[in-house]
Colleague: 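Input: one structure, supplied below.
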Amino acid sequence: MNAALSPAAGVFDRERLGALATYGILDTPPEQGFDDIADLAALVCGTPVALVSLVAGERQWFKAKAGFEPCQTPLEQSVCAHALAEPDLLVIPDLTKDPRTRANPLVTDDPFIRFYAGAPLIAPGGECLGTLCVIDREPRPEGLTPAQASALRKLAGQVLGQMEMRKALRLRDEALDEYRETLVRQEALIEAQAAVSRARGDLDASFDALLAGAMKAVPRAEGGVIAIREGDALVYRSVRGNLAPHAGVRIPVAGSLSGRAFTSGEAVSTPDATLDPRAKHDMLKTLGTRAALCAPVLRGDTTIGVLKLQASRANAFTKGDLDAARLFAGTVAAGLAEAGEAEARQSVRASQDRYKAVFNSAIDYAIIVMDLDGHVEDWNEGATRILGWEPAEMVERPADVFFTPEDRASGIAAKEMRAALEQGRGIDERWHIRKDGTRFWANGEMMALRDEAGEAIGFLKILRDRTEQREAATRLQDSEAFLRGVLDSSADCIKVLDLQARLGFMNEGGRRVMEVDDFDGVAGSDWTEFWEGRGRADARAAVDAALAGGIGRFTGPACTLKGTRKWWDVQVTPILGGDGAVSRLLAVSRDITSSRRAEEALAASERRYRDLYDSIDAGFCVAEVKANPDERPLDYRFLEANPAFERQSGLKDVLGRWMRELAADHEEHWFEIYDRIARGGAPERFEQVASALGNRWFEVYAYPFGEPGSHQVAILFNDITARKRTEDALRASEASQRSILETVPVGILFAEAPSGRIVGGNSRIEEILGHPVLPSPDVDAYREWRAFHADGRPVEPGEYPLARVIRGGEARAELQARYRRDDGTDAWIDIVAVPVPGPDGSVEGAVAAVSDIDARKRAEEQRDLLNNELSHRMKNLLAMVQAIAANTLRGATDVEAAKEVLADRLVTLGKAHDLLLGGAVEHADMERVVRGGVGLQDDDSGRIGYRGPRVEIGGRAALALALMVHELATNAAKYGALSVPGGRVDVGWTLTEGAQDPCSSSPGSNGTVRRSRRHRARGSDHG
């Protein structure tokens, strides 16, 4: 997985990539064998991740993976690429500290890997193909234990073993597929040739048969055509498949793939015609052509057309397909030759004089009389007996009717007649055909018949049936050829020895396997001398056993003539002569080197597995599950256990004993799980507690074991009790911290360094902000949070306290701002952030406390507003007191009188002011102002009356009105109606139509309501 630096040397090495390509493993589906090895590696090394990683060019691809989702990663993310140059394990305890890997995206971002250990996968040629690696998300300063390192190496060897076995199987399957394709092509060719023969010169029928055979031989072809030259174009004459609708299409010879094959006389192949400049691109889409094969069709030495096969996908055809196209194009040429001969025979019809010579006495010979054109004029009884036709059936028919189709196609009859004319006679020995279609072998002679002038007037053909002699000779040849073919095709080294064990014969296959270039160089050599040490003695003993009439057999190593050491399985048997005595020896040596190596590899694998079995820290056992007649699990007993079993489980002396005997109270679910797996279920990985074993927790990987029906299960496990307790304590601690976070009255946010990514917060933060926590991935994303300074400016991302702590390095940062919630309302918040230090003192993150200070801010604003208003009112009040005092002192006759008047006036002013403070400060009820101004002069005796509508008047007007009414009431008490008994004062006020709101106007300079309001207060004095 990887480094931000350049890839390790060797990543793009051609030999390494070529070796990897030979395995054909990239981008193949998962396979159980590889997956099991990855699971074992993770379990043995105690890591959450294990991978079988193959480094292929610009990527690394995972054949098996445990605990890791992607199936491949780019090369720049590959730590495994650095392992290619390592002779042994590559172990990186902390990926964040290694310069090769600390900038790797898989280290700096999810999944945040920290520890890596990889064992190289070394091919037999020494190329490093990839690794078996284990990965942890926590650093491991101590790396792997020696046992874990050893196990990882051995498991890497098992990965390569799996790859080698898979490669061998693939090569075998490819060879079988190639063999099957060859058989299909041979069958198609035979069928096509038979169809051409049946066509009897019909050119179109011959073309259709050959095209059908070509498409059968090349099953990847979706369409085919035989195109014939007409002028400067190739015309589609016979069509099949997706080219069927295009019969008669004309393709120019110049500028087309078919034309290239026609003009060059060579077969042409294109994997993708859309990229091939030789193709006629404007026709490709119409014809549905992507990949194509084109082979020229010849008549004699002249090219007359093209056989074309095509497919609609690129890279559809192989080299074998091109060879098949060439082969069928040649068969087309044979069909053309036969058709030409048929046309020639039909066009030659001339009458000639007949010359008859009958030799009916020669019944063992077929004697046929023909005219100069080869037509039968007569034949004898011998011809009827041998060939089957009566003379009347053959008269005027071409004599080559009893020639085979291939000889007719080659014009053999005409050649014989030409030889007879030129040389006097033509002698041959070949197959012929009877009337019933059977073939017979005959030797024959063709002679020219001449008149008295020496002019040729016809021909005489004499045949004799030699089938039995031919078949006898053929059987002998076939037998010898068959034996020779068997011997040569055998991969065994088959030798014939004389009685002194000297080499007299070696088959072709034996020469190949023994690397013998020249058999004459070893002929006559003592065969036993090819063996060394004990092998020579074994060879001598085998020869002696065969000489005694028995069979000698042994197995041993010996070198080929070129020094290649191989293992052989040898059998020596006697060859008996006509007298029943041993005349020679047959020695058959079979090369068993591969199987011997496989046995050695298997033994080594078993040793490695045993070493792994004994050295792993995990407990391992094989158990047999017992069930009752109802298939319910009853118990299981231990058949095998490794040394770590007792330490991991706490159970001793378990072999052969039942679990309920060892722990009677063992929970039922253990038996059910193992029973389910032992019955052939899928492997399972799980964690369970075993109360009967001291409340131990176990991490278990169990899978079916043994033959089907054995009811066995293999169990690999680790005691994780300590880890579970730690996890429980950690969960409790986290729950406690979460509880604390949820109870504090402030919102909490957490961010990681250096990115600034928001990783969480408590519920209070959502209440304050009015929305869930935004998962900002970095500081620049803080602009998602909608906060404003007091002057209305948006808070920039770098101004937030979290950003100032993480990026600015501040030890404490604070900010007060207005935050806009999702409902559109604003609220004042206070943010305070401090860093979260790591073990080494570096900043790992930051925490911010967010407080809702909106109420406090608004209270401060109200307080400031009230202070300003009070200040304003005090100034106005002091100015009024000053005016009252000045006015009182101007009219006073003495100090005492002035004091009394001033006191009354100030009391009245105070009451009016109380009225204002009791209301909204800005206005007061007019009747209350008037009553307050009358004050003590109203003794509730009814002598003072009040009437008028309810009216609210402004604050300053109220003060002036109160003082005015006070002066009038005082005068009434001193000099007016209230100064005598029975006197009465009525105070009244009205609102005139069109008057303004008294509360909305400013007072006049003398404290009365302006006349422009048309509002007046009127009083009457009775008495």
Side-chain angles (χ1 to χ4, degrees), residues 1-12 26-27 30 34-35 37-39 41-43 45-86 89-121 128-144 148 152 155-156 159 751-759 775-779 781 838 840 842 844-845:
M1 312 201 53
N2 168 21
L5 304 179
S6 61
V11 170
F12 300 105
L26 295 176
D27 301 313
F34 292 98
D35 292 343
I37 293 174
D39 288 338
L43 189 61
C45 297
T47 60
V49 177
L51 301 169
V52 175
S53 172
L54 300 174
V55 181
E58 297 292 342
R59 61 172 177 155
Q60 67 173 359
W61 178 79
F62 307 127
K63 177 59 183 173
K65 48 193 175 69
F68 195 75
E69 286 301 322
C71 60
Q72 66 180 22
T73 63
L75 183 62
E76 59 268 18
Q77 295 182 4
S78 171
V79 176
C80 295
H82 297 290
L84 299 184
E86 298 293 331
L89 293 181
L90 172 62
V91 179
I92 304 179
D94 190 344
L95 294 167
T96 63
K97 296 181 179 179
D98 193 296
R100 296 171 296 180
T101 59
R102 61 191 176 197
N104 190 311
L106 299 180
V107 176
T108 61
D109 207 342
D110 191 54
F112 303 102
I113 63 174
R114 291 295 180 267
F115 169 76
Y116 173 91
L121 304 177
C128 184
L129 309 178
T131 68
L132 170 64
C133 65
V134 293
I135 296 169
D136 204 341
R137 295 183 178 88
E138 300 294 334
R140 286 192 178 187
E142 72 285 354
L144 297 176
Q148 290 172 334
L152 191 60
L155 288 173
V159 171
E752 65 179 14
S755 65
R757 182 171 71 95
I758 302 298
V759 296
S776 303
D778 51 35
V779 168
D840 58 354
S842 62
E844 288 190 346

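Just so it is clear, the model here is predicted, and its values are computed rather than measured.
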Colleague: Distance-only criterion, 3.5 Å: show the donor-acceptor pairs between side-chain atoms of residues 137-144 and protein atoms not counting sequence neighbours.
Modeller:
residue : atom : partner : partner atom : Å
R140    : NE   : D136    : OD2          : 3.4
R140    : NH1  : C45     : O            : 3.0
R140    : NH2  : C45     : O            : 2.9
R140    : NH2  : G46     : O            : 2.7

Colleague: Less than 4.5 Å apart, any side-chain heavy atom of L75 and any of V11?
Modeller: yes
Colleague: Provide the closest heavy-atom pair for A156 versus L121 in the form atom of the first, atom of the second, distance.
Modeller: O-CD2, 3.5 Å
Colleague: Any side-chain to backbone donor/acceptor pair from T101 onto L95? Under 3.5 Å, distance only.
Modeller: yes
Colleague: Using the test salt bridge (charged side-chain N to carboxylate O under 4.0 Å, His left out), find all partners of D778 that sit at least two apart in sequence or belong to another chain.
Modeller: none
Colleague: Which heavy-atom pair separates P111 from F68 by the least distance, and what is that distance?
Modeller: CG-CE1, 4.2 Å
Colleague: Of all heavy-atom pairs between T108 and R102, which one has the smallest distance, and what is that distance?
Modeller: CG2-O, 3.4 Å
Colleague: Can you see which heavy atom on V134 is nearest to which on A50, and at what distance?
Modeller: CG1-CB, 4.1 Å
Colleague: Over all heavy atoms of both residues, which pair between C80 and Y116 is shortest? Give the atoms and the distance, please.
Modeller: SG-OH, 3.2 Å
Colleague: Taking the side chain as everything from C-beta on, heavy atoms only, tell me whether H82 gets closer than 4.5 Å to D98.
Modeller: no
Colleague: Answer yes or no: is there an ion pair linking R757 with D109, defined by an N-O contact shorter than 4.0 Å?
Modeller: no
Colleague: Look up atom CD in Q77 and atom CZ in R59, then write down how far apart they are to the nearest 0.5 Å.
Modeller: 14.0 Å
Colleague: Answer whether the closest heavy-atom distance between the side chains of E86 and T131 falls below 4.5 Å.
Modeller: no
Colleague: Which of these, V49, V107, T96, sits in a side chain to side chain contact (heavy atoms under 4.5 Å, CB included) with I113?
Modeller: V107
Colleague: Identify the two heavy atoms, one from I135 and one from P48, that lie closest to each other, and give their separation to 0.1 Å.
Modeller: O-CD, 3.4 Å
Colleague: Could you state the interatomic distance from NZ (K63) to CG (D27), rounded to the nearest 0.5 Å?
Modeller: 10.0 Å
